[in-house]
Amino acid sequence: MNLNNNVGSEYPLISVIVPVYNDLIRIGQCIDSLVALSYPSSNYEIIIVDNCSTDGTYDYLLEKLNQAYQPNVRLIKCSTPGSYAARNAGLKIAKGDFVAFTDSDCLVSENWLTNLIEAWYAQSGEVIIAGKVEFFSDRDKLTEQSSLDFENIFSMKQDENAKKGKCITAKETANKSCNLVLEPAFAFAV
């Protein structure tokens with residue numbers, strides 16, 4: 001049990017921040033995977049931060065969010081360029097005990113938040129918990145299977161990096177009382 005853990009709930013509130021810029025093709029799939037999480041929907045919020053997309057992403061999201069999603073999904077705009085500026089804009093309005101970051105080109109597994117919070121509860125002291133990242137082909141692109149196999153074998157060595165106290169991607173979750181990195185399970189191949 002993490003002795004630094006004072007969140008007061010088996011399912012603490014988690015703010016999931018997703019920066020997006022000109023990713024009209026993939027953002028819907030990303031949000032669908034986040035909405036389908038097994039973690040109780042009343043215990044997480046999704047903050048999508050559009051970084052002034054010019055390809056119709058923002059309008060698409062406005063329409064999609066008005067039609068399909070529960071109230072725990074919010075959309076804001078950030079006029080300062082860059083994913084880090086977008087993440088910081090999301091942080092300013094985040095309400096969670098934990099803050100999770102993922103990107104618009106990622107899909108998370110159904111148990112992403114549940115498994116990672118359970119892993120956090122099982123730890124003590126300052127920890128980094130990194131999940132497996134698997135690359136897969138974007139259905140609108142032709143990606144050679146050998147390229148995907150190479151990336152899955154040699155990229156994202158999460159366990160090695162976590163042991164060194166590092167996180168190699170921007171997909172992470174943190175609690176104010178410890179250093180914690182929680183990563184999603186899937187990333188689109190580029």
Side-chain angles (χ1 to χ4, degrees), residues 1-2 4-21 23 26-51 57-58 60-78 83-123 127-134 158 162 167 169-188:
M1 183 60 98
N2 190 324
N4 297 326
N5 183 348
N6 295 318
V7 296
S9 170
E10 183 179 353
Y11 294 105
L13 181 62
I14 302 173
S15 298
V16 179
I17 299 172
V18 184
V20 61
Y21 176 75
D23 204 359
R26 298 179 291 197
I27 186 62
Q29 292 176 306
C30 174
I31 298 168
D32 289 344
S33 74
L34 290 167
V35 170
L37 287 168
S38 63
Y39 202 79
S41 62
S42 62
N43 291 73
Y44 73 98
E45 64 176 347
I46 302 166
I47 303 168
I48 305 158
V49 186
D50 183 83
N51 217 192
T57 297
Y58 184 78
Y60 165 79
L61 289 168
L62 276 177
E63 184 176 326
K64 189 167 179 83
L65 296 179
N66 286 334
Q67 293 176 1
Y69 293 121
Q70 58 262 64
N72 68 331
V73 183
R74 294 189 282 165
L75 173 63
I76 64 170
K77 266 192 173 183
C78 175
S83 60
Y84 291 100
R87 287 184 187 96
N88 287 332
L91 281 171
K92 288 178 183 175
I93 65 166
K95 298 175 184 172
D97 299 308
F98 289 82
V99 178
F101 299 95
T102 193
D103 293 324
S104 60
D105 63 347
C106 295
L107 303 177
V108 298
S109 65
E110 180 183 9
N111 295 315
W112 175 47
L113 294 179
T114 302
N115 290 343
L116 295 169
I117 290 298
E118 287 175 1
W120 183 74
Y121 275 123
Q123 303 300 313
V127 296
I128 292 179
I129 301 170
K132 183 178 181 182
V133 174
E134 294 180 15
Q158 298 292 63
C167 176
T169 70
K171 298 108 184 130
E172 59 188 66
T173 299
N175 177 280
K176 296 170 187 143
S177 66
C178 73
N179 296 324
L180 174 66
V181 176
L182 308 179
E183 306 245 357
F186 305 102
F188 282 101

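Every heavy atom of this structure was used, including side-chain atoms; hydrogens, water molecules and symmetry mates were not. Note that the structure is a prediction, hence the values are computed from the model and not measured.
- A donor-acceptor pair under 3.5 Å links the side-chain atoms of Ser33 to the main chain of Val108, judged by distance alone.
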Q | Candidate pair Val49 and Lys77, rule side chain to side chain contact (heavy atoms under 4.5 Å, CB included), full reasoning | A | CA-CA 5 Å; Val49 186; Lys77 266 192 173 183; over 6 Å; no
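- In this structure, Leu107 CG and Arg26 CZ are separated by 10.0 Å, a value rounded to the nearest 0.5 Å.
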Q.
Set out, in order, the CA-CA distance, both residues' side-chain angles and the distance that settles salt bridge (charged side-chain N to carboxylate O under 4.0 Å, His left out) for Arg87 and Asp103, then state yes or no.
A. CA-CA 10 Å; Arg87 287 184 187 96; Asp103 293 324; 2.8 Å; yes
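- Applying side chain to side chain contact (heavy atoms under 4.5 Å, CB included) to Cys78 and the options Asn51, Val20, Asp50 leaves one that passes, Asn51.
- Residues Leu62 and Leu75 have side chains in contact (heavy-atom distance under 4.5 Å, counting atoms from C-beta outward).
- Side-chain contact between Cys106 and Trp112: absent, with no pair of heavy atoms (C-beta onward) separated by less than 4.5 Å.
- We find that Lys64 and Asp32 are joined by a salt bridge, their nearest charged nitrogen and carboxylate oxygen being less than 4.0 Å apart.
- With Asn72 contributing its side chain and Ser41 its backbone, the two residues share a donor-acceptor pair below 3.5 Å.
- Not a single donor-acceptor pair under 3.5 Å links the side chain of Glu45 to the backbone N or O of Val73.
- A heavy-atom distance below 4.5 Å is not found between the side chains of Ile47 and Val16.
- Of all heavy-atom pairs spanning Tyr39 and Tyr11, the tightest one is OH-C, 3.1 Å.
- The minimum heavy-atom distance linking Gly28 with Tyr60 is given by the pair CA-OH, 3.6 Å.
- Taking CD1 of Ile48 as the start and CZ of Arg74 as the end, the distance is 11.0 Å to the nearest 0.5 Å.
- Nearest heavy-atom pair across Cys30 and Thr102 is SG-CG2, 4.5 Å.
- Side-chain contact, Glu110 with Ser38: no donor N or O sits under 3.5 Å from an acceptor N or O.
- Looking at every heavy atom in both residues, Ala94 comes nearest to Val99 through CB-CG2, 4.5 Å.
- Nearest heavy atom pair, residue Ser104 against residue Ile27, reads CB-CD1, 3.6 Å.
- A donor-acceptor contact shorter than 3.5 Å is absent between the side chain of Tyr21 and the backbone of Thr57.
- Ile14 contributes atom CD1, which lies 4.5 Å from atom CG of Leu113 (distance to the nearest 0.5 angstrom).
- Atom CD1 of Ile93 sits about 4.0 Å away from atom CD1 of Ile76, to the nearest 0.5 Å.
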